[in-house]
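Reviewing the structure listed below.
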Amino acid sequence: MTTRREQTSHESSELILRAAAELFAAKGYRQTTFADVAERSGISRGSIPWHFGSKEGLLLAVLERSVDLIRTGLVEEPGELAEPEGAEAGFDRLMGGADALFAQPTTKLFVTLLVEALEPGSPIHGRYVEIHNTLRDHCRRWLERLPLPPGLSAETLAVTIIGAGIGIHQQWLLAPDRVDPEQALAALRTLVAGAVLPAGE
């Protein structure tokens, strides 16, 4: 049975993680301080290292929580469908899941921290590999159900879709006055549909 103290500790951790994720996405990891996180979360600055040990520990915890949110937020797996569905319905379900994923705040966090993950010896490199593997595998499993043209593998197309989605998000963050992510994702959807759906679907 969870004690009141354990419950309070869990609630404090969640507040800190939520605040840190927002700040890392808005300001970047290097520019965010424990004082910033304390102010945003309403939790004392001294409590943050008690919960997470260090700033690096907090960053890893934020990414771990975000990976869990991605896993639980993805649309159901193809094998979980009660009945078979047509190519167009399967495609709509796949791209609808992609639209929902790219609209999540965690996507901004991943794009913002990408440079950090690519630095030699980065503590979050492994988490980024896991995130991209999860996204590609999920996308590939859906694409394997569709009538792909000869020479186009589900794995290659999954890489292309995930890469395009992240690139669209990155461009929007850099130039929000010039890039409309909804229109760009709709264009991506049209292009992929032309490649994977039979004529007339």
Side-chain angles (χ1 to χ4, degrees), residues 2-75 97-140 155 158-176 179 181:
T2 303
T3 66
R4 178 57 186 164
R5 182 174 182 178
E6 290 172 336
Q7 180 65 26
T8 300
S9 177
H10 175 73
E11 292 172 356
S12 296
S13 295
E14 283 297 307
L15 288 172
I16 294 169
L17 287 171
R18 193 175 303 121
E22 293 170 355
L23 288 165
F24 290 158
K27 299 177 60 174
Y29 170 67
R30 295 184 185 280
Q31 299 302 317
T32 299
T33 66
F34 275 175
D36 294 329
V37 177
E39 181 179 357
R40 175 69 65 93
S41 67
I43 305 298
S44 69
R45 183 190 183 287
S47 296
I48 300 173
W50 183 84
H51 283 283
F52 300 102
S54 64
K55 187 178 174 183
E56 182 179 300
L58 175 60
L59 175 60
L60 289 173
V62 165
L63 286 176
E64 188 67 36
R65 181 175 182 271
S66 297
V67 170
D68 290 340
L69 289 174
I70 281 183
R71 287 193 180 118
T72 57
L74 290 171
V75 294
D99 290 345
L101 175 64
F102 292 126
Q104 291 185 21
T106 48
T107 305
K108 181 179 180 181
L109 173 67
F110 294 140
V111 173
T112 304
L113 294 177
L114 178 59
V115 174
E116 188 83 28
L118 292 174
E119 291 185 358
S122 169
I124 63 175
H125 176 79
R127 288 290 182 269
Y128 264 73
V129 172
E130 182 181 357
I131 290 164
H132 281 255
N133 285 343
T134 297
L135 294 176
R136 280 195 303 271
D137 288 347
H138 181 82
C139 188
R140 174 184 52 75
E155 177 70 20
V159 170
T160 303
I161 291 173
I162 298 301
I166 292 174
I168 289 168
H169 211 90
Q170 185 179 59
Q171 291 183 71
W172 171 64
L173 290 174
L174 290 169
V179 177

query = Can you tell me how far CG of Leu135 sits from CD1 of Ile161, rounded to the nearest 0.5 angstrom?
reply = 11.5 Å

inquiry  = So, taking the atom named CD1 in Ile131 and the one named CD1 in Ile162, what distance separates them when rounded to the nearest 0.5 Å?
reply    = 12.0 Å

message = Please evaluate residues Phe34 and Leu58 with respect to the criterion side chain to side chain contact (heavy atoms under 4.5 Å, CB included), reporting the C-alpha separation (whole Å), side-chain torsions for both, the decisive distance (0.1 Å), and the verdict.
response = CA-CA 10 Å; Phe34 275 175; Leu58 175 60; 4.1 Å; yes

request  = Report the residues that fulfil side chain to side chain donor-acceptor pair (under 3.5 Å) with Glu119, sequence neighbours left out, ordered by chain and then residue number.
outcome  = Arg30

query = Between CG of Leu17 and NE2 of His51, what distance do you get to the nearest 0.5 Å?
reply = 9.5 Å

task = Would you please test Tyr128 and Leu63 for side chain to side chain contact (heavy atoms under 4.5 Å, CB included) and show each step?
result = CA-CA 9 Å; Tyr128 264 73; Leu63 286 176; 4.2 Å; yes

query = Which atom pair, heavy atoms only, marks the closest approach of Phe52 to Ser13?
reply = CZ-O, 4.0 Å

request  = Check the pair His125, Val129 against side chain to side chain contact (heavy atoms under 4.5 Å, CB included), reporting the backbone distance first and the verdict last.
outcome  = CA-CA 6 Å; His125 176 79; Val129 172; 3.7 Å; yes

inquiry  = Return the CZ to OG1 distance between Arg136 and Thr160, rounded to the nearest 0.5 Å.
reply    = 11.0 Å

query = If you measure from CD1 on Ile43 to CH2 on Trp50, what distance do you get to the nearest 0.5 Å?
reply = 11.5 Å

More than 12 heavy atoms of other groups within 6.0 Å of Glu155 CD = yes

task = Using atom types as modelled and distance alone, determine if a side-chain donor or acceptor of Ser41 lies under 3.5 Å from a backbone N or O of Val37.
result = yes

ask   = Minimum heavy-atom separation for Gln171 to Val179, with atom names?
value = O-CG2, 3.8 Å

Could you tabulate the donor-acceptor pairs under 3.5 Å formed by side-chain atoms of residues 22-29, not counting sequence neighbours?
residue: Glu22; atom: OE1; partner: Arg40; partner atom: NH1; Å: 2.8
residue: Lys27; atom: NZ; partner: Asp36; partner atom: OD2; Å: 2.8
residue: Tyr29; atom: OH; partner: Glu56; partner atom: N; Å: 3.4

